[in-house]
Amino acid sequence: MPELPEVETISRILRPKLMGRTILSAQVRWSGTIAFPSVRTFRRTIAGQQIREVGRRGKFLRLQLSEYDLLIHLRMSGDVELREPNGRFKLHDRLILRLTARGGRANVPGIGRGPRNRRESKSTLVFNDTRKFGRVWLTRNMDEVLGRLGPEPLGRAFTADWLYEGVHARRRQLKPLLLDQAFIAGLGNIYTDEALHLAKLHPLKISNTLSRAQVVRLHDAIRATLREGIRRNGASIDWVYRGGDFQNHFRVYDRAGQPCPVCGTTIVRLVVGQRGTHICPHCQRG
DNA sequence: CTGGCTCCCTGAATGC
DNA sequence: TGCATTCAGGGAGCCA
């Protein structure tokens, strides 16, 4: 399931391929995909928009367009890929954007100028999402979608001091707090379990009981885990395959019954905040 | 403020 | 073998 490192990987792959291209038209194959605006308005508005920048905020993929932002949340099973148009769909394709060739000029009916150039190598940007949880927004004011997100854990604002203040301003179980996108943006189930194990902290520990040293460990662990995830191009599990390798280096996630890489104790799976949670009962004592 | 629960949805795993 | 049931998971929304 795409978390910060997976979305970052997708963003880095797409960025050089998409920059400067213009969206010719949109085909919405499942209307529920479009969170905002209406499908009708979405289709009309996005045509003719040029892709100016590709980036990420939390787990959102962001395509900065001429006048709008296209925000994509992959949730569980979403994937975005550039595909050469062959007229065929894949199962679970939800949204298809027709693009000009790299550096190509817009040729939108009613907007573009000049005759259609059939030799142009056009592409399609496809949002494929098995479980239909993913959503897409097209907005002039992205803060309406992203405004409540917490800081980027790999950004400058995310310091050990900030984290200490944050966990002590609340009284919450550690894991649900780390998963709360309004607290920190980008952590999901995998990286939270991995970071807590690296920091030797129990997921049920109450946030405002953390010592200074524990907060520093947690801060370092979050950053180290996310950086390793990005370095390995994310984790490739479920139906989303990105060529990532991090799934082969999990310390605890999805490893119940197997030995802890640190101490050899058998890893246990429990449920915390309705989420499957994996810990080493020796390294992460409550 | 906090946590628990449900819902959305599909495919893999499990049960009979 | 085949059909039915269960479960996972990100985030919104609801309730206590």
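We name chains A, B, ... by the order of the sequence lines, and we start the count at 1 in each one. Bear in mind the structure is a predicted one, so any value in this text is a computation, not a measurement.
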**Request:** Only counting residues at least two apart or in another chain, list the ones meeting ring-ring contact (aromatic ring centres under 6.0 Å, His included) with A/Phe60.
**Result:**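 Expected list: A/His73, A/Trp137.
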**Item:** Partners meeting ring-ring contact (aromatic ring centres under 6.0 Å, His included) with A/Phe183 (sequence neighbours left out)
**Value:**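 If we apply the ring-ring contact (aromatic ring centres under 6.0 Å, His included) test to A/Phe183, skipping adjacent residues, the hits are A/Trp162.
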**Request:** Only pairs at least two apart or in different chains count here, so list each ring-ring contact (aromatic ring centres under 6.0 Å, His included) that has a residue in residues 1-37 of chain A.
**Result:**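 Listed by first then second residue: nothing to list.
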**Asked** Quick one: ring-ring contact (aromatic ring centres under 6.0 Å, His included) pairs with a partner in residues 196-215 of chain A, sequence neighbours left out?
**Response**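 Applying ring-ring contact (aromatic ring centres under 6.0 Å, His included) to every pair that reaches into residues 196-215 of chain A, excluding sequence neighbours, yields nothing.
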**Prompt:** How long is the line joining CZ of A/Phe36 and P of C/dA12, in whole Å?
**Reply:**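 That distance rounds to 16 Å.
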**Request:** Please state how far atom CD1 in A/Ile190 lies from atom C1' in C/dG10, giving the value in whole angstrom units.
**Result:**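 Whole-Å distance recorded here is 12 Å.
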Quick one: is [N] close enough that its OP1 or OP2 comes under 4.0 Å of any side-chain N or O from [X]?
| X | N | value |
| --- | --- | --- |
| A/His73 | C/dG11 | yes |
| A/Lys59 | C/dG10 | no |
| A/Tyr191 | C/dG10 | no |

**Prompt:** When all nucleic acid strands are considered with a 4.0 Å heavy-atom cut-off, which category describes A/Arg269: base, sugar-phosphate, or nothing?
**Reply:**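 Sugar-phosphate only.
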For nucleotides 14-16 of chain C, which of its nitrogen or oxygen atoms have a protein nitrogen or oxygen under 3.5 Å away, and what is each distance?
none

Under-3.5 Å N/O pairs linking protein and nucleotides 3-6 of chain B:
residue	atom	partner	partner atom	Å
B/dG3	OP1	A/Gln173	N	2.9
B/dG3	OP2	A/Arg172	NE	3.1

**Message:** Checking contacts here: which listed nucleotide (B/dG11, B/dT2, C/dG11) is nearest the side-chain heavy atoms of A/Arg75?
**Reply:**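 Nearest to the side-chain atoms of A/Arg75, counting from C-beta on, is C/dG11.
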**Request:** Would you jot down, in residue-number order, the residues of residues 180-189 of chain A having a non-hydrogen atom under 4.0 Å from DNA chain B?
**Result:**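 Hits under 4.0 Å, by residue number: none.
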**Message:** Which residues end up grouped with A/Leu270 if you chain together Ile, Leu, Val, Met, Phe, Trp and Tyr wherever their side-chain heavy atoms are less than 4.5 Å apart?
**Reply:**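 A/Leu204, A/Val268, A/Val272, A/Ile279, all in the cluster of A/Leu270.
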**Request:** Could you tell me if the ring centre of A/Phe158 sits under 6.0 Å from that of A/His219?
**Result:**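 Yes, the ring of A/Phe158 comes within the 6.0 Å limit of the ring of A/His219, centre to centre.
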**Validation row, ring centre A/Tyr191 to ring centre A/Phe246 under 6.0 Å** =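 That pair passes the under 6.0 Å test.
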**Message:** Holding to side-chain contact (heavy atoms from CB on, under 4.5 Å), I want the full list of residues that pass it with A/Gln64, two or more places apart in sequence or in another chain.
**Reply:**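 side-chain contact (heavy atoms from CB on, under 4.5 Å) check on A/Gln64 returns A/Glu53, A/Arg62, A/Asp69.
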**Item:** Listed once per pair and sorted, the salt bridge (charged side-chain N to carboxylate O under 4.0 Å, His left out) pairs that draw on residues 247-256 of chain A, sequence neighbours left out
**Value:**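 For residues 247-256 of chain A, and leaving out neighbouring residues, there are no salt bridge (charged side-chain N to carboxylate O under 4.0 Å, His left out) pairs at all.
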**Message:** Show every salt bridge (charged side-chain N to carboxylate O under 4.0 Å, His left out) that has at least one partner inside residues 189-214 of chain A, sequence neighbours left out.
**Reply:**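 As it turns out, the salt bridge (charged side-chain N to carboxylate O under 4.0 Å, His left out) pairs with a partner in residues 189-214 of chain A, which skip direct neighbours, are A/Asp161-A/Arg212, A/Lys175-A/Asp193.
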**Prompt:** Thinking salt bridges, do A/Glu152 and A/Arg57 make one under a 4.0 Å N-O criterion?
**Reply:**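 Salt bridge between A/Glu152 and A/Arg57, a charged N being under 4.0 Å from a carboxylate O: yes.
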**Request:** Report the end-to-end axis angle of the helix from B/dT2-C/dA16 to B/dC16-C/dG2; each axis comes from five terminal pairs, and the value is rounded to 10°.
**Result:**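 The helix from B/dT2-C/dA16 to B/dC16-C/dG2 shows an end-to-end axis angle of 60°.
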**Pairwise distance CZ(A/Arg52) to OG1(A/Thr22) - rounded to 0.5 angstrom** =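 It is 8.0 Å, given to the nearest 0.5 Å.
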